[in-house]
Amino acid sequence: MLKITDLKAEVDGKEILRGINLEVKPGEVHAIMGPNGSGKSTLASVLAGRDIFKVTGGKVEFKGKNLLNLIPEERSREGIFLAFQYPVEIPGVSITNFMRAAVDEHRKHKGFDPMNASQFLRYMKEKKALVELDAKLEGRAVNEGFSGGEKKKNEIFQMAMLEPDLAILDETDSGLDIDALKVVANGVNKLKTKENATIVITHYQRLLDYIVPDIIHVLYNGRIVKTGGRELALELEKYGYDEIKKEADKRF
Amino acid sequence: MTQTNIKNKTFADLYSGTKDFLLPNIVRKKSTNLFDKIKLPNNKTENWRKFNSDSIFKHNYKLGKKLSVETKDLDSLSFFEPSGNYVILVNGFFHSGNVKNTDLNNNIFIGSLKDAQKTHSEIISGRLNTQNTETENYFSVLNDAYAKDGAFIYVPENVILDEPIYIMHFIQSDNGNIFSQNRNLIIAGKNTAFKIIHTYHSLSSDFSFNNSLTDIFADEKAQLEYYLFEGEGNTAAHVNNININSEKGSSFKSNIVTFCGSVVRNNIYAEFKNEFAEVNLQGIYMPDKEQTVDNFIEIKHAKPNCRSNQIFKGIIDNKAVAVFTGKVFVAKDAQKTDSAQSNQNLLLTDYARVHSRPQLEIYADDVVCSHGSTTGQLDNEALFYMKTRGIPEKRAKTMLMKAFLRDVTDKINVTGYREYVNFLISKRLKGQSPESLCSVKVCPSC
Ligand SMILES: Nc1ncnc2c1ncn2[C@@H]1O[C@H](COP(=O)(O)OP(=O)(O)OP(=O)(O)O)[C@@H](O)[C@H]1O
Ligand SMILES: [Mg+2]
């Protein structure tokens, strides 16, 4: 589904991704871990199409297409979803209108007519129930005045609405209390199918108890320096990144 | 009729040989004498520096005549209710009007100010020439000197109207460029509550220059909502002078949509004549191309315990210019004044310009006065976020711009009119130029 080859990217002339290689197949869950500032969010942003990051090398193939040739809205319609580490507040745009526009555009892309108002509200209600989003939020402006946890839940709600092929969840667990964490993980698991894939970026083993990854990668200094199974997360929890960093610093 | 170049001659020449002026000759004489003292503003005149007078006065004008409008031109103004209370004016002259049968026994007056001088002289006297602006204004003096007619709205004590009263003004040229003036008087009697929708349109594409003056009186405990729509075409210049007199416990809420016009200058002056009154001024403007929209606001807190609030928001496209001056004067004994002002602008291009100037002059010590002004571009973070949900750039921008204006447009308390305004804003924000939207033939159901 996703094949990243030797991806390099910079911002303001500063190289941040220094050659990423990663392959994600349908049905898989990958976790990306790594110290602060290692480039995890940058990788997510580059995949979503944020233009402040300049891709200076490498290839990204998504469902057989050259992803890097698509603008962000096309990537979304093709099936990429990024749950933001810091969801953006949009004063004056209600969640309902926001999602209406998004769902419309996704349907148009697939050749479907827009839903009528009542169909849409029914659809929204169904998805809200799935991720246990508070009903009071829908009339409010997107993320405006939301608590940290509400913002993260709202990301998962949007994911449920758009049913992506590849979801990238950037620290969706940070700032969540244990109940909210379970709700969010539960939502993600319910949305999981054999056809879609998930990349979870996290600092904590705790999330991985609920969203169980097939493969774990460690990103450090703009490179994936280690890849392993579930046991890698437990190892990191115990020993931290010191060993991996030292080893990587020697290699590069 | 001859065409006069105002730069070389004077407005007096334009009006020479005509008669039937509104104000008594004694007042008019005083006004015309003032022209020795105040000159047509140019880019060096204080408070008028950004006013693009050249673009107005490079044309020759003749006086607009008393012409007719066709009812089909009104059809497209979807907010208008022909069975409701209304006055229609053309080039400043009364054209037609209606008072609903059910309102006849309320003794309300909705019609020509010129006519009302005969029937309502007592009510009108003393309210026609208040000349209360702090800063002498050439155009209000000009209106005093030569205005011939306009709308008079009088709602006597204790009358409450649910439906809005419409004042609709049309610029219409038979041939050539038109100069016209209208003089309006709105009296909201004690304990009244009603709404006015005051709109300006043009029916021809010749150049026009319209100098309007509206005196508004909110008597004790009156509650007046005043919606102003400036929709004269993009070959139209409009100077709109509005004077608000607020009596004890009154509430005046206005909402100004400046949608079209080559140069639009709003001179708004509000004075608290007594305590516990409230004045709320909101405005939006969306100039494009080479348009200039210039809002000049003066609020005089002469008495204690009054509240004023200004919120003006603009989206400035292409090479357009927006000017905002918000003066708030708080007299020494106007304690417990509560005054807020905010001007926010979105620039859509590198050439668009904004000049925003708050001016607070405060002589009382127990007051709350705030002001803020921001000028910026659309939020790129928000745009990216929306795009990652599949929303294309254009649609996302439109949504963000609408959202920016929403807190002002949402406060329009007349459904049909709000829908009309939102319809035009949507079209405009989707990229349709004002020229094509300022025609009265554009409407939600046309
Ligand atoms: N817009 C930007 N301008 C300049 N530098 C940036 C920008 N965005 C990211 N960086 C830098 O790139 C590096 C990687 O940042 P990134 O946000 O990808 O890290 P991260 O792995 O997600 O960290 P965290 O775990 O703290 O979220 C950091 O050094 C950061 O300062
Ligand atoms: Mg990050």
Side-chain angles (χ1 to χ4, degrees), chain A residues 44-53 70-110 141-144 151 154-155 157-164 166-168 170, chain B residues 255 257 282-286 311-315 342-346 348 372 374-412 418-419 421-423 425-431:
Chain A
S45 290
V46 168
L47 293 177
R50 182 84 218 240
D51 62 5
I52 57 169
F53 298 104
L70 303 180
I71 51 177
E73 50 268 45
E74 290 168 342
R75 297 182 193 196
S76 164
R77 291 176 222 143
E78 283 293 333
I80 290 209
F81 180 87
L82 170 62
F84 282 56
Q85 181 173 4
Y86 305 107
V88 183
E89 301 195 3
I90 315 180
V93 176
S94 72
I95 295 193
T96 307
N97 278 343
F98 178 63
M99 276 291 77
R100 183 97 209 237
V103 171
D104 260 15
E105 295 292 343
H106 277 250
R107 287 178 67 88
K108 202 196 296 175
H109 181 71
K110 294 191 181 79
V142 179
N143 293 324
E144 194 186 30
K151 282 183 182 169
N154 187 30
E155 295 292 287
F157 162 67
Q158 293 176 38
M159 172 181 162
M161 291 291 286
L162 298 177
E163 298 178 330
L166 174 67
I168 304 160
D170 191 357
Chain B
N255 180 291
V257 177
Q282 302 205 334
I284 55 180
Y285 41 91
M286 281 158 287
I311 300 178
F312 281 76
K313 289 192 162 193
I315 299 178
S342 140
N343 176 226
Q344 288 169 256
N345 297 286
L346 266 185
L348 299 188
T374 59
T375 296
Q377 266 108 30
L378 284 173
D379 179 0
N380 269 326
E381 300 285 327
L383 265 181
F384 177 65
Y385 187 70
M386 295 172 90
K387 288 183 199 171
T388 64
R389 275 39 178 163
I391 304 172
E393 171 148 318
K394 217 171 151 193
R395 185 168 186 178
K397 282 185 170 173
T398 306
M399 288 171 76
L400 287 180
M401 290 189 280
K402 263 196 184 168
F404 171 72
L405 299 176
R406 177 155 293 140
D407 52 347
V408 174
T409 53
D410 276 359
K411 298 230 173 59
I412 299 177
R418 185 180 57 247
E419 282 167 0
V421 168
N422 279 333
F423 163 79
I425 289 175
S426 290
K427 290 259 165 191
R428 177 71 194 89
L429 297 182
K430 280 180 187 150

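Note: hydrogens, waters and symmetry copies are ignored here, and every other heavy atom, side chains too, is used. Keep in mind the model is a prediction, meaning the values are calculated, not measured. Every chain is numbered from 1, with letters handed out A, B, ... down the list of sequences.
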- Query: Can we say Glu381(B) and Arg50(A) salt-bridge, meaning some charged N sits less than 4.0 Å from an Asp/Glu carboxylate O?
  - Reply: yes

Are Lys387(B) and Glu74(A) within salt-bridge range, i.e. N to O under 4.0 Å? no

Are the side chains of [Y] and [X] in contact, using a 4.5 Å heavy-atom criterion?
{"X": "Pro72(A)", "Y": "Met386(B)", "answer": "no"}
{"X": "Arg395(B)", "Y": "Asp104(A)", "answer": "yes"}
{"X": "Phe384(B)", "Y": "Val88(A)", "answer": "no"}
{"X": "Ile391(B)", "Y": "Glu73(A)", "answer": "no"}

With only heavy atoms counted, which part of [X] is less than 4.5 Å from chain B, the side chain, the backbone, both or neither?
{"X": "Pro87(A)", "answer": "both"}
{"X": "Val103(A)", "answer": "neither"}
{"X": "Arg75(A)", "answer": "neither"}

Exercise. Go through the steps to decide whether Phe81(A) and Thr388(B) satisfy the test side chain to side chain contact (heavy atoms under 4.5 Å, CB included), and finish with yes or no.
Key: CA-CA 7 Å; Phe81(A) 180 87; Thr388(B) 64; over 6 Å; no

d(Arg389(B) CZ, Met99(A) CE) to nearest 0.5 Å is 7.0 Å

Any donor-acceptor pair under 3.5 Å from Arg77(A) side chain to Gly390(B) backbone: yes

Q: Flag yes if more than 12 heavy atoms outside Lys397(B) fall under 6.0 Å of its NZ atom; otherwise flag no.
A: no

Ring center gap for Tyr385(B) and Phe98(A) short of 6.0 angstrom
yes

Note: Pro91(A) and Ala403(B) closest approach over all heavy atoms is O-CB, 3.5 Å

